[in-house]
Amino acid sequence: MTRIAIYPGSFDPITNGHLDVIERATRLFDQIIVAIAENESKEPLFTLKEREQMAAAAIHRWKNVSVDHFPGLLVDYAAKRKACAIVRGLRAVSDFEFEFQMALMNRNLNPDIETIFLMPKDEYSYLSSRIIKEIVRLGGNIDGFVPPSVGELLVQKLRSK
Ligand code: PNS
C-alpha cells in the first residue's frame, strides 16, 4: 500500500523550515503532497500560482514530493487524494494550541486521517513566512532561511513598492 501524506499550508512563501519538514516526511511516507489552501483568509502576499511555482521549484530534488492546491476542507482533500496522514510542523509550544485544535477538529471531521507533527531543525524553530516578509520589507538579510529564488522574488515584490 502506498502511504500518502498531505503537507498543507499557506506557503506564502515556502521557507527552508518547510523544506526541512518535507525532508523528514519523505523518510516516513511513500508520497508527500504539498497542498496550498485556496481559501486563505490571511491575504497572502503571493498569488496561488506564484506560491505553487515557488514550492514546485523548491521540492524538485525529491521524486516523491509534489505540489497541489485545494479548495474547501483539508480533510476532504486528503480523502480525495487517498492520504492516510496530514503532516504539520511544530516549531515551539506557541504553535501547539492552534495545531492541537486543528488536529482534533480534523479528526472529528474524518477519523481515518491521522495528523502527525514533525519538528524542524532547531535553527528553523523561530522561522515563519510572516517574519521573513517583515525582514525583507525592512531591508534585512534572509539568506539561509528561504531558497535563493524565493529570496529574489520577495525582494522584487516587497522592495519595489
Ligand atoms: O500555513 P498555515 O497558514 O498555518 O496553514 C493553515 C491551513 C491551510 C493548514 C489551514 O488553515 C487549513 O487546513 N485550511 C483549509 C480549510 C480547513 O480545512 N479548515 C478547517 C481546519 S480544522
Side-chain angles (χ1 to χ4, degrees), residues 3-26 28-29 31-59 62 65-137 142 145-147 149-151 153-154 157-158:
R3 303 194 76 79
I4 302 170
I6 307 291
Y7 181 39
S10 320
F11 302 103
D12 185 43
I14 194 157
T15 68
N16 289 348
H18 293 127
L19 295 171
D20 184 276
V21 169
I22 293 170
E23 168 139 51
R24 288 168 203 285
T26 60
L28 300 172
F29 295 95
Q31 210 186 315
I32 316 292
I33 303 166
V34 176
I36 307 176
E38 287 173 26
N39 301 332
E40 255 314 311
S41 49
K42 287 183 179 169
E43 293 191 18
L45 171 69
F46 291 102
T47 65
L48 182 61
K49 197 168 173 200
E50 287 170 329
R51 284 179 281 152
E52 206 165 356
Q53 281 169 348
M54 284 185 281
I59 54 105
W62 296 290
V65 184
S66 58
V67 179
D68 194 9
H69 52 88
F70 66 98
L73 283 178
L74 171 59
V75 284
D76 291 347
Y77 173 73
K80 193 176 123 205
R81 297 300 307 260
K82 300 190 168 25
C84 60
I86 291 166
V87 170
R88 291 286 288 172
L90 208 51
R91 292 165 298 193
V93 178
S94 50
D95 281 341
F96 183 75
E97 206 169 329
F98 173 63
E99 294 299 334
F100 189 62
Q101 181 184 26
M102 216 162 53
L104 292 185
M105 182 52 85
N106 282 333
R107 181 193 280 167
N108 184 277
L109 293 169
N110 187 336
D112 295 333
I113 299 168
E114 207 63 60
T115 298
I116 69 156
F117 296 104
L118 296 175
M119 277 86 72
K121 229 185 251 168
D122 47 3
E123 65 199 73
Y124 298 135
S125 62
Y126 51 89
L127 194 59
S128 73
S129 299
R130 186 191 60 75
I131 221 159
I132 289 288
K133 285 180 276 194
E134 186 167 321
I135 293 167
V136 174
R137 197 176 283 124
I142 48 148
F145 292 133
V146 291
S149 58
V150 171
L153 287 169
L154 275 165
K157 195 132 201 162
L158 289 167

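A quick note: this is a predicted structure, and the numbers were derived from the prediction, not measured. Both counts, for ligands and for their atoms, begin at 1 and track the order of listing.
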Short question: side chain of [X], backbone of [Y] - any donor-acceptor pair under 3.5 Å?
X      : Y      : value
Glu50  : Thr47  : yes
Asp20  : Lys121 : yes
Arg91  : Tyr126 : no
Ser129 : Pro13  : yes

Q. Which pairs with one or both residues in residues 67-87 pass salt bridge (charged side-chain N to carboxylate O under 4.0 Å, His left out), sequence neighbours excluded?
A.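 Sorted pair list: Asp68-Arg81.
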
**Q.** Electrostatic pair Asp12-Lys133, nearest N-O below 4.0 angstrom
**A.**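 So Asp12 pairs with Lys133 through a salt bridge.
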
Just the distances, no angles: every ligand 1 N or O to protein N or O pair closer than 3.5 Å, one line each.
from     : atom 1 : to    : atom 2 : distance (Å)
ligand 1 : 1 (O)  : Ser10 : N      : 2.9
ligand 1 : 1 (O)  : Ser10 : OG     : 3.3
ligand 1 : 3 (O)  : Ser10 : OG     : 2.4
ligand 1 : 3 (O)  : Lys42 : NZ     : 2.6
ligand 1 : 4 (O)  : Arg88 : NH2    : 2.9
ligand 1 : 5 (O)  : Arg88 : NH1    : 3.3
ligand 1 : 18 (O) : Leu74 : N      : 2.8

